[in-house]
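To start, the structure under review is shown below, and the notes come after it.
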Amino acid sequence: MTKYIFITGGVVSSLGKGISGASIGKLLQLHGFKVNMIKFDPYINVDPGTMNPYQHGEVFVTIDGAEADLDLGTYERFLNIYTSKANTNTAGDVYKTVITRERRGDYDGATVQIIPHITDEIKRRFVALKNDCDISIIEIGGTVGDIEGLPFIEATRQFQLENKKEDIFSIHVTLVPYISGAHELKTKPTQHSVNKLREIGISPDMIICRTEHHLDESLKKKISLFCNVKEENVIEAIDASSIYCIPEAFYNQKVDSLVIEKLNIKPKKKFDRTWFAKIKSLSEFDKTIKVTVVGKYADLKDAYKSIDESLNIAAGELKAKAEIEYLGAEDKDLVKKLKNYDAILVPGGFGSRGVEGKIKAITYARENKIPFLGICLGMQCSVVEVSRNLAKLKDANSTEFSETTKYPVIKILEEQKSVKYRGGTMRLGNYKSEIKKNTLAHNLYKSTEIEERHRHRYEMNPEFIDVLEKSGLFVSAYHKGILPEIVEIKDHPFFIGVQFHPEFASRPMKAHPLFKGFLSAALKKK
Ligand code: GLN
């Protein structure tokens, strides 16, 4: 029998509902339960794939090719699971399904309404993973009180009514702000937010309070009394040095026991505490590596969330601290600033803005033998860079940025030519590559066959492979012997570009070989 944990949020957005949910999921996993997590986002976009990263942060890609909320990355990294299309939902996708059914005539003449048709579809998605896990954690995005989120909260209420009390645990994550003038933490926003939730018919079993300062007993008592939650179920979530320390902070407040007790389940094995110690050991550093990520969204770390995580995880395994700095690809002083770093990463991206800056950063990394990792657009830029500067193909470019270039070294994929709709139509999800032996890629992966996640429309143009190989850049992995997947340069400590996104596959204690190789090359140079 699957049990359900619902997570809602109140007061403000960005409280880390995903991290709170994943931390509880981790504790339950350490008790031996099989845990999965599902995200519901209340916006009308069918998925975040068409959204600007400034709106939504990184677009996470699942192995089956869903373009999803970055919280799915948090779920995968905390729980060491693979998510799929069933783990990500939006209001737009729910409405699309219902409207398609209506057009097909499936509703038999009925007036199609939010209640019951939309809420029924939401409830169907709540149970989508019930055969795959003991506990399904359902995160409702947005903030309680938003008009958009109402159908999801209403569906949660109905689901509670239709299921046994002991099968559902409801958690509300709120903010307890500190007013510095009064030197006081304030509970009123939490009280209001819980009232809003109770108005809709949901009384939370637990309140997780995000706070910058410890909550004392009297404060917890007050929240307990006003919000109708037992005092021990008022949980403090204080800002942590690493998000992976949060499960232990929750364990120390018995969050897992409280959930297990209400859900009336028995742990499947003796609690495994070694995870806490292993996580701690990842932040015992004796050296630092200065890495720069040269991208378009330098002031929004969330736009490169999985890259940030991958670098930290890999550095931790090397007993080093990654000092990651984001440089704007359009910064006029970009090249001057590059001398401050031990490693240069150019991430994925779309559109021409910043591309010339990225290419300059790659020239710098290549000429000065600074370890370089190019991801997706970063790989494509490295091909353009070598074409222009080593193969002397003047003004070589990707047709994404110049349709009339004489040397289209990156061109649109054949299958993309007929694409009319932008959403969900890229080359998405896992594809296999065959790696050539005696290459850097082979040395890192220690395998000749890999599978990695993709999200792109353009590829390296096979017509130019010969001339580029003569100039020093060669292809070390192909998909089905045709599509170039990895490029490298010889006589360089570490220069590699990959058409795919390795950043989605890193997990704590399981650093991705490309990131680990990249940072160890940086350490060797020091
Ligand atoms: N814009 C490039 C393409 O579509 C690269 C995409 C990416 O970096 N994810 O091929």
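- Residues Thr8 and Phe152 fail the side-chain proximity criterion, which asks for heavy atoms closer than 4.5 Å.
- Looking at Ile313 and Arg507, their side chains never come closer than 4.5 Å, going by heavy atoms from C-beta outward.
- When atom types are taken as modelled, the side chain of Ser387 and the backbone of Leu393 share no donor-acceptor pair closer than 3.5 angstrom.
- In this structure, a donor-acceptor pair under 3.5 Å is absent between the side chains of Thr363 and Arg388.
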Report the C-alpha separation of Val384 and Val355 in whole Å, then their side-chain angles, then the decisive distance to 0.1 Å, and conclude whether the side-chain contact (heavy atoms from CB on, under 4.5 Å) test is met. CA-CA 10 Å; Val384 173; Val355 162; over 6 Å; no
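- Nearest approach of Gly141 to Asp41, heavy atoms of both residues: CA-OD1, 4.2 Å.
- To the nearest 0.5 Å, atoms CG (Asn340) and CD (Glu323) are separated by 11.5 Å.
- Residues Ile202 and Phe6 have side chains not in contact (no heavy-atom distance under 4.5 Å, counting atoms from C-beta outward).
- Inter-residue side-chain proximity for Tyr431 and Phe500 is flagged as unmet; no heavy-atom pair is nearer than 4.5 Å.
- In this structure, the side chain of Gln499 does not engage the main chain of Glu459 through any donor-acceptor pair within 3.5 Å.
- Tyr244 and Phe78 have tilted rings, their planes meeting at an angle from 30° to 60° on a 0 to 90° scale.
- Using modelled atom types, no side-chain atom of Glu385 and backbone atom of Lys360 make a donor-acceptor pair closer than 3.5 Å.
- If you take CG on Leu440 and CD on Glu488, they are separated by 4.5 Å, rounding to the nearest 0.5 Å.
- Here the NE2 atom belonging to His56 is positioned 11.5 Å from the CG atom belonging to Leu300, to the nearest 0.5 angstrom.
- In this structure, CD1 in Ile7 is found 11.5 Å from CD1 in Ile19, a value given to the nearest 0.5 Å.
- One side chain, Glu139 or Tyr75, offers a donor N or O that lies under 3.5 Å from an acceptor on the other.
- The backbone N or O of Ser306 sits less than 3.5 Å from a side-chain atom of Glu58, completing a donor-acceptor pair.
- Side chains of Glu452 and His512: a donor on one and an acceptor on the other come within 3.5 Å.
- Looking only at side-chain heavy atoms (C-beta outward), Gln29 and Ile81 come within less than 4.5 Å of each other.
- When all heavy atoms are compared, the tightest approach of Met379 to Gly497 is CG-C, 3.4 Å.
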Report the C-alpha separation of Ile114 and Tyr95 in whole Å, then their side-chain angles, then the decisive distance to 0.1 Å, and conclude whether the side-chain contact (heavy atoms from CB on, under 4.5 Å) test is met. CA-CA 9 Å; Ile114 293 183; Tyr95 276 82; 3.6 Å; yes
I'd like to know whether Ile465 forms a side-chain contact (heavy atoms from CB on, under 4.5 Å) with Tyr478, so could you lay out the CA-CA distance, the side-chain angles of the two residues, the decisive distance to 0.1 Å, and finally the verdict. CA-CA 12 Å; Ile465 292 176; Tyr478 282 96; 3.5 Å; yes
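- Between His456 and His454, the ring planes are tilted. Angles from 30° to 60° get that label.
- The salt bridge (charged side-chain N to carboxylate O under 4.0 Å, His left out) test with Glu330 is passed by exactly one of Arg353, Lys358, Lys296: Arg353.
- Using a cut-off of 4.0 Å between Lys/Arg side-chain N and Asp/Glu carboxylate O, Glu463 and Lys411 are scored as not salt-bridged.
- Without hydrogens or angle criteria, Thr143 side chain to Gly9 main chain gives no donor-acceptor distance under 3.5 Å.
- In this structure, Lys123 pairs ionically with Asp120, as a charged nitrogen and a carboxylate oxygen lie closer than 4.0 Å.
- The shortest distance between side-chain heavy atoms of Tyr107 and Val98 falls below 4.5 Å.
- Remark: the backbone N or O of Glu503 is paired with a side-chain donor or acceptor of Ser310 at under 3.5 angstrom.
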Stepwise side-chain contact (heavy atoms from CB on, under 4.5 Å) test for Ile208 and Phe250: CA-CA 10 Å; Ile208 294 183; Phe250 283 180; 4.0 Å; yes
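- The heavy-atom pair separating Leu175 from Val11 by the smallest distance is N-CG2, 3.9 Å.
- A donor-acceptor contact shorter than 3.5 Å is absent between the side chain of Arg157 and the backbone of Gly201.
- The residues Glu121 and Arg125 are annotated as salt-bridged, a charged nitrogen and a carboxylate oxygen being separated by less than 4.0 angstrom.
- Between Pro508 and Ile279, the shortest heavy-atom distance links the atoms CB-CD1, 4.0 Å.
- Under the side-chain hydrogen bond (donor to acceptor under 3.5 Å, both in side chains) test applied with Asn36, the options Asp132, Thr83, Thr2, Asn87 reduce to a single match, Asn87.
- One finds the OG1 atom of Thr156 at 8.0 Å from the CD1 atom of Ile122 (value rounded to the nearest 0.5 Å).
- Arg453 has a carboxylate O that lies under 4.0 Å from a charged side-chain N of Glu76, or vice versa, which qualifies the two as a salt bridge.
- Atom CZ of Arg104 is surrounded by more than 12 heavy atoms from other residues, nucleotides or ligands within 6.0 Å.
- Judged by distance alone, the side chains of Ser398 and Gln380 never bring a donor and an acceptor atom under 3.5 Å apart.
- Using a 4.5 Å heavy-atom cutoff, the side chains of Val386 and Val487 are not in contact.
- With hydrogens and angles disregarded, no donor-acceptor distance shorter than 3.5 Å links the side chain of Gln416 to the backbone of Arg457.
- Side-chain atoms of Thr292 do not come within 3.5 Å of backbone N or O of Ile324 as any donor-acceptor pair.
- Ring geometry for Phe495 against Phe372 counts as tilted: the plane angle lies between 30° and 60°, on a 0 to 90° scale.
- Within a 6.0 Å sphere centred on OH of Tyr54, heavy atoms belonging to other residues, nucleotides or ligands number more than 12.
- With rounding to the nearest 0.5 Å, the separation of CD1 in Ile359 from CG in Asn389 is 8.5 Å.
- Taking both residues in full, the closest heavy atoms of Ser382 and Leu473 are given as O-CD1, 4.1 Å, listed atom of the first, atom of the second, then distance.
- The minimum heavy-atom distance between Ala86 and Ile38, with the atom names listed, is O-CG2, 3.6 Å.
- A tilted orientation is assigned to the rings of Phe494 and Phe518, their planes being inclined by 30° to 60°.
- Using the six-membered ring where Trp is involved, Tyr297 and Tyr304 have ring planes that are tilted, between 30° and 60° apart.
- At least one side-chain heavy atom of Arg455 sits less than 4.5 Å from a side-chain heavy atom of Phe350.
- Side chain of Glu434 to main chain of Gly481: a donor-acceptor pair is present (N/O by atom type, distance under 3.5 Å, no hydrogens or angles).
- Note: Phe159 and Tyr4 meet the aromatic proximity criterion, with ring centroids under 6.0 Å apart.
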